[in-house]
Protein chains: 2
Amino acid sequence: MTMSAPAAPTSRQVDSTLQRDNTTPQRVIGEAVNLSAPAVQRRIRRMEEAEVIQANVAMIDPAQVGQPITIFVEVEVEVISETAELIDAAKREFAAVPEVQQCYYVTGEADFVLVVVVPTMTAYETLTRRLFFGNNNVKRFRTFVSMDRVKVGLAVPLSG
Amino acid sequence: MTMSAPAAPTSRQVDSTLQRDNTTPQRVIGEAVNLSAPAVQRRIRRMEEAEVIQANVAMIDPAQVGQPITIFVEVEVEVISETAELIDAAKREFAAVPEVQQCYYVTGEADFVLVVVVPTMTAYETLTRRLFFGNNNVKRFRTFVSMDRVKVGLAVPLSG
DNA sequence: AATGAAATGAGAGCGCG
DNA sequence: CGCGCTCTCATTTCATT
C-alpha cells in the first residue's frame, strides 16, 4: 500500500470543487486529490449517472437581466384540501411557473415555500392573483421581499 | 444563406441555455442563435467580466452526499438591534456558515430568510443553539422543514 | 477493479480578414 | 462578426497493479 491515506471521501472533494467551479480542469482536480485526470473523470461520470451531480449550470445575476426582485412566499392551503391529490396538483402548478425559481413542500406553519423571481412588483402582484387569489385551495400566503441577497447558491456543505 | 438575427436579446438566449447546461458547446449555442462559436464565446466572456454570469457550478444532490435535510428559517431580530451595524454583522455571520446555503435580508414579518442544509435534525438543533439562542439580537425564528424539494435551482426567468 | 500513461478527438481560445 | 489556426482539455485505449 502507498503511504497516502485513503482519506475516504475523494469523490466528495471532487464534488466540493465542482460545486464551486465546474470548469476546473480534471488535471487540477486530480492534483488536489492525488489522482490522474482520467480517474477523476471516471468519478465525475459515475456521479452524473447516479445523479449525485444533477446538473451543470451557470449562475446568472437576476438584477442584470431585468429580474431584480426576489421574493419568498409562504403558502398555506386549506386544511380540507390537503389530500394527496390536491397537494400534488399544487406541486405541479407551482413547479411549472417560470417565475417560481424554487418550491419546497414543508412542515410547520405553512405548506409551501416558494422563491419567486420577477422584474417588478406589478409582475408579482399579477402572479399572486393568478396563483393564490385564483386558487380556492390557497388559504393564505405571506410575502417576504428580498432587500439583499446576502448569500446565494446551491452549494451543499461537504465537510463531513 | 443566413437568416437574419432575431431582434436584440441574443445574449439572453445564451444565458438561458447556459443556466440549464453550461457544458453546451459554443458551436451548438451558436446554431441556436445564428451566430458563430467565437461570437458566442465573446458574449460569454463579456458576461463573465460583467458578472452577469456569476459562476459556473455543479448542482449536487444533498441527499446523496449525506445532507438530506433542507430547512427554511425565518429570523426576526430585536427591533432595538436593527442598526445598520448589527444587521451587517448578522449578514456576515449567517453568510459564513457552511450549512446556510442561502441567506436573504427581507422585508415583512421577518428580517432574514435562510435556507439551511444539514445531515440530521440534531445537527439543525445544534445550529439553532449556536446561531439563534446564542445570539441575543435574535428575537424569534420559525422553522419549516422541507418534505419535498419540488423545484430546485437558480434559474432566472428569461422570457421577457 | 481501478489506475496511470500515452494517443486521440472535441472544444475553447486568439488572431486574422 | 466569421473564418481559420493553435492549444488546452476531455475522452478513449491499453498496459499495469
Side-chain angles (χ1 to χ4, degrees), chain A residues 1-61 64-66 153-156 158-160, chain B residues 1-61 64-66 153-156 158:
Chain A
M1 68 169 64
T2 67
M3 42 128 192
S4 70
T10 300
S11 292
R12 298 293 162 84
Q13 292 178 255
V14 176
D15 284 338
S16 181
T17 299
L18 293 179
Q19 78 174 347
R20 200 180 64 80
D21 179 7
N22 72 353
T23 69
T24 309
Q26 296 165 354
R27 173 90 179 122
V28 174
I29 299 174
E31 288 164 6
V33 300
N34 293 315
L35 233 49
S36 67
V40 171
Q41 198 202 37
R42 271 289 198 243
R43 282 168 190 267
I44 293 174
R45 185 189 181 85
R46 273 199 285 268
M47 290 192 288
E48 283 174 345
E49 284 170 356
E51 289 179 312
V52 176
I53 296 173
Q54 299 184 304
N56 289 286
V57 303
M59 280 180 55
I60 307 295
D61 181 358
Q64 290 208 55
V65 292
L154 295 172
V156 178
L158 292 177
S159 308
Chain B
M1 82 178 187
T2 69
M3 308 243 294
S4 67
T10 301
S11 291
R12 298 294 160 81
Q13 293 178 257
V14 176
D15 284 338
S16 182
T17 300
L18 292 180
Q19 77 175 345
R20 201 180 62 81
D21 179 7
N22 72 354
T23 69
T24 309
Q26 296 165 354
R27 171 93 175 115
V28 174
I29 299 174
E31 287 165 7
V33 300
N34 292 315
L35 234 49
S36 68
V40 172
Q41 194 193 43
R42 285 177 194 125
R43 281 167 190 269
I44 294 173
R45 184 187 181 85
R46 275 187 233 125
M47 290 193 287
E48 283 173 345
E49 284 170 357
E51 290 180 310
V52 175
I53 297 173
Q54 300 184 304
N56 288 286
V57 302
M59 280 181 55
I60 307 294
D61 181 357
Q64 290 208 55
V65 293
L154 295 173
V156 178
L158 292 177

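The analysis underlying the following values was restricted to heavy atoms, covering all of them including side chains, and did not include hydrogens, waters or symmetry mates. If you're wondering where the values come from, they're calculated on a predicted model, not measured in any experiment.
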Whole-Å distance separating the CZ atom of B:Arg45 from the C1' atom of C:dA12: 11 Å
Proximal nucleotide (of C:dA6, D:dC3, D:dG2) relative to the B:Ala39 side chain: D:dG2
Spacing between A:Asn22 atom CG and D:dC9 atom C1', to the nearest angstrom: 14 Å
Flag side-chain contact, heavy atom, 4.5 Å: B:Asn56 against B:Glu48: yes
Side-chain-base donor-acceptor pair under 3.5 Å for B:Arg42 and D:dG2: yes
OG-CG distance between A:Ser11 and A:Leu158, expressed to the nearest 0.5 angstrom: 11.0 Å
Spacing of A:Ile44 atom CD1 relative to C:dA2 atom C1', expressed in whole Å: 16 Å
A:Pro25 side chain, from C-beta outward: closest of C:dT3, D:dC9, C:dA5: D:dC9
Position toward the 5' end of DNA chain D (nearest nucleotide), B:Val40 or A:Pro38: B:Val40
Length of the line joining B:Arg46:CZ and D:dC1:P, which is rounded to integer Å: 6 Å
Exam field: side chain A:Gln41 to backbone A:Gln26, donor-acceptor pair closer than 3.5 Å: no
Rounded distance (Å) that lies between atom P of D:dA10 and atom CD of A:Glu48: 12 Å
Nearest-neighbour nucleotide for the B:Gln26 side chain, D:dA10, D:dC1, C:dG13 considered: C:dG13
Nearest-angstrom distance from the residue atom CD1 of A:Ile29 to P of D:dT11: 12 Å
Interatomic distance, A:Gln54 atom CD to B:Ile60 atom CD1 [nearest 0.5 angstrom]: 8.0 Å
Check against side chain to side chain contact (heavy atoms under 4.5 Å, CB included), B:Asp61 and A:Glu51: CA-CA 7 Å; B:Asp61 181 357; A:Glu51 289 179 312; 5.9 Å; no
Phosphate-side-chain proximity, A:Arg27 and C:dG4, N/O vs OP1/OP2 below 4.0 Å: no
Proximal nucleotide (of D:dT12, C:dC14, C:dT3) relative to the B:Gln41 side chain: C:dC14
Distance in angstrom units between A:Arg43 CZ and D:dA10 C1', rounded: 18 Å
